[in-house]
Amino acid sequence: MKNLSIVAPYLGRARNVAILGLVAAILFGCASTTPPTVEAPAAPAPVDTNFVHATATSFDSGMVVCAHPLAAAAGRKVLASGGNAMDAALASLAMLNVVEPHASGLGGGGFALYYDKSADSVYMLDYRERAPKRMDRTIYFQPEDTLKLVQRMGGTAILVPGAAAGWQQLHRRFGTRTLPDLFADAVAVADTGYVISEKQAAIIFEHVEDLQKDTLQASIFLEDSLPPIAGFRITQPRLGKLLSFLSKTRLENFYFPPYSTEVVAAIRSHGGQVTESDLNAYQPVERKPLRVKYRDYDIITTSPPAGGGLVMLETLKLLEAYDIKSMGLLSPEYIHTVSTAIRKARTDGSAWIGDPDFARIPVDTMLSPTYLTQIRDSLPNDTVPQKLAPLDSIRAFGPGNTTHLVVADKDGNLVSITQSLNYFFGSGVMVPELGLLLNNHLADFNSDTTSSNPIAPNRRPSSSMAPTIILKNGEPVLVIGTPGGPRIPAAMVEVILAVLEFGVPLNEALDLPRFFPAGTNLVYETRLPQQTLDALAAKGWKPYPMEPISNYFGGVQAIHFPDSGPHMIGSSDPRRDGAANGY
Ligand code: GLU
């Protein structure tokens, strides 16, 4: 019963009530209330709760936590030799491009937060991909393309990548080491190769048909055109050459010939519309991060177009008025209250979030006490409204295939960065000369042309990413972020509440079963006890089982400072690969 043993210490009042009910039913022969019939797939059985649990890794000077041990090691090496948190982050990001090439890299974009301890300020950089200046938008709305493949795959789905300009800007602002130094390990691993994990082998297996269609990608990721097993070595000399050359000149050279010519040729040969002048014009944008008080904590996260931060904050501010702790962690009341708040915040996010350079986003209103009180007053306490918002099935169930990295250094500087190609392997298009996969972030626009996030020239699509830094009295408490597409804010809220409200150690908080409200569906990991699900179904949720533990719910990377620093504990989500390394 590993599932219960994880949760048991934190269950609190709700568990006692449930146990009393169960005891009463046994003693007095009461039939339990039959939950309403729900339309959902049968829960996968048997429930296997054996998974490799998250571990807690402690250091006192500095550490990196991210989605691959080689990337964490590259960052650690920089920290231990005196580099700062941003130097380490850049070394790790370059390595992630090599060892997790399907998830992030120069072909994609992201959002960065940097807490500069000496200035006591948080800097945000938006290097989200951007739509081309000229777009024939009719190609995205072809009646026969019922699955909207043209928005998700191939050249038409590719937006101008932002990572090269973003990394250069982060280095220019905060870096203290040279880029060739910082990228040297990544270049070496691209040349000599790395061996894939079981999880990466599974990801390749899922994409084998697409990989087989491209000779170059097949030669990199497959073994004799077939999916490899764990232990297979991947080498990427072309990518190594790209990283090496760009680091020795300027990363922004990516946007000029010969690179821009090669990138544009690859996009256009797959039907896309990005031009060389779109690449030449790409600029990252410094934005003001969002900062709100949640109880005694300062929660700082990215602002739109990284809308995941805003959805997370609206959820937490809605929940702040409740005595969350007395509900009992993962009790039906807790899951119901948290899910209702997430659902409402997501509804507002879908309606309003877009590119702030084009759309007015009522950020202040969404976080204002008046509005939050109004929502609380309007939501029923114990039932699930049918019509809070229509379930947007693509965004609710779509993939979340990104990467997150957190760093802390000896001087108290912190980094939290989320980066993505969008889907694993992005658009499926690789620039042949560069061995570089390109994003499919056009899929993050809304197909509704009247929405706040329409497919339109020069725009950045809204994102669920939410890299976050939490301080208390000016000292770090939690540095955290995750992939997971639309589930990002939910995963963040669940881990943050477990750690800050219930005092669950970070690694155990990452192990806890997750849930996600998609309309009235409650998608959940099947380690939740049946009586909890029955109680939720009785309120009106339609339980929708995933696996006991599923990468659908993200892959959190986080550092916790249990005593307000400098002692730090890092942990990686067991749902994906990850590692903490430091000194
Ligand atoms: N395309 C997603 C977004 O920006 C990436 C996040 C993810 O897949 O985890 O919201």
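FYI, side chains are in, hydrogens and waters are out, and symmetry mates aren't considered; it's all heavy atoms of this structure. Counting starts at 1 for both ligands and their atoms, following the listed order.
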I'd like to know whether CZ of Phe141 has more than 12 heavy-atom contacts from other residues, nucleotides or ligands below 6.0 angstrom.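 Yes, enclosed.
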Would you call Leu222 and Pro228 a side-chain contact if the rule is heavy atoms closer than 4.5 Å?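 With C-beta onward as the side chain, the pair touches.
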State, with a plain yes or no, whether a side-chain heavy atom of Tyr259 is found less than 4.5 Å away from one of Leu279.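 A side-chain contact is absent here, since even the closest heavy-atom pair is not under 4.5 Å.
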Just jot down the ligand 1 atoms closer than 4.0 angstrom to any heavy atom of [X], in number order.
X: Asp444; value: 1 (N), 2 (C), 3 (C), 4 (O), 10 (O)
X: Gly484; value: 7 (C), 9 (O)
X: Ser464; value: 3 (C), 4 (O), 10 (O)
X: Arg128; value: 4 (O)
X: Gly485; value: 6 (C), 7 (C), 8 (O), 9 (O)

Is Arg575 salt-bridged to Asp573, going by a charged N under 4.0 Å from an acidic O?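 So Arg575 pairs with Asp573 through a salt bridge.
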Salt bridge check, Arg287 against Asp357: does any charged N sit closer than 4.0 Å to a carboxylate O?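 Between Arg287 and Asp357 there is a salt bridge, with a charged N closer than 4.0 Å to a carboxylate O.
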Donor-acceptor under 3.5 Å (Gln419 side chain, Thr403 main chain):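 Side chain of Gln419 to backbone of Thr403, a donor-acceptor pair under 3.5 Å: no, none is there.
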For [X], which part has a heavy atom under 4.0 Å from ligand 1: side chain, backbone, both, or neither?
X: Ser420; value: side chain
X: Glu129; value: neither
X: Asn401; value: backbone

Return the CG to CZ distance between Leu528 and Phe515, rounded to the nearest 0.5 Å.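 It comes to 8.0 Å.
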Give a yes/no on ligand 1: does His441 have at least one heavy atom closer than 4.0 angstrom to it?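 Yes, His441 has a heavy atom closer than 4.0 Å to ligand 1.
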Polar contacts were defined as any N/O atom of the residue lying under 3.5 Å from an N/O atom of the ligand; does this apply to Pro483 and ligand 1?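 No, there is no polar N/O contact under 3.5 Å.
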Considering only heavy atoms, which of Ile488, Thr482, Thr418, Thr402 lies nearest to atom 8 (O) of ligand 1?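 It is Thr402 that holds the nearest heavy atom.
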Parallel, tilted or perpendicular, judged at 30° and 60°: which one describes the rings of His207 and Phe425?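 Rings of His207 and Phe425: tilted, as their planes differ by 30° to 60°.
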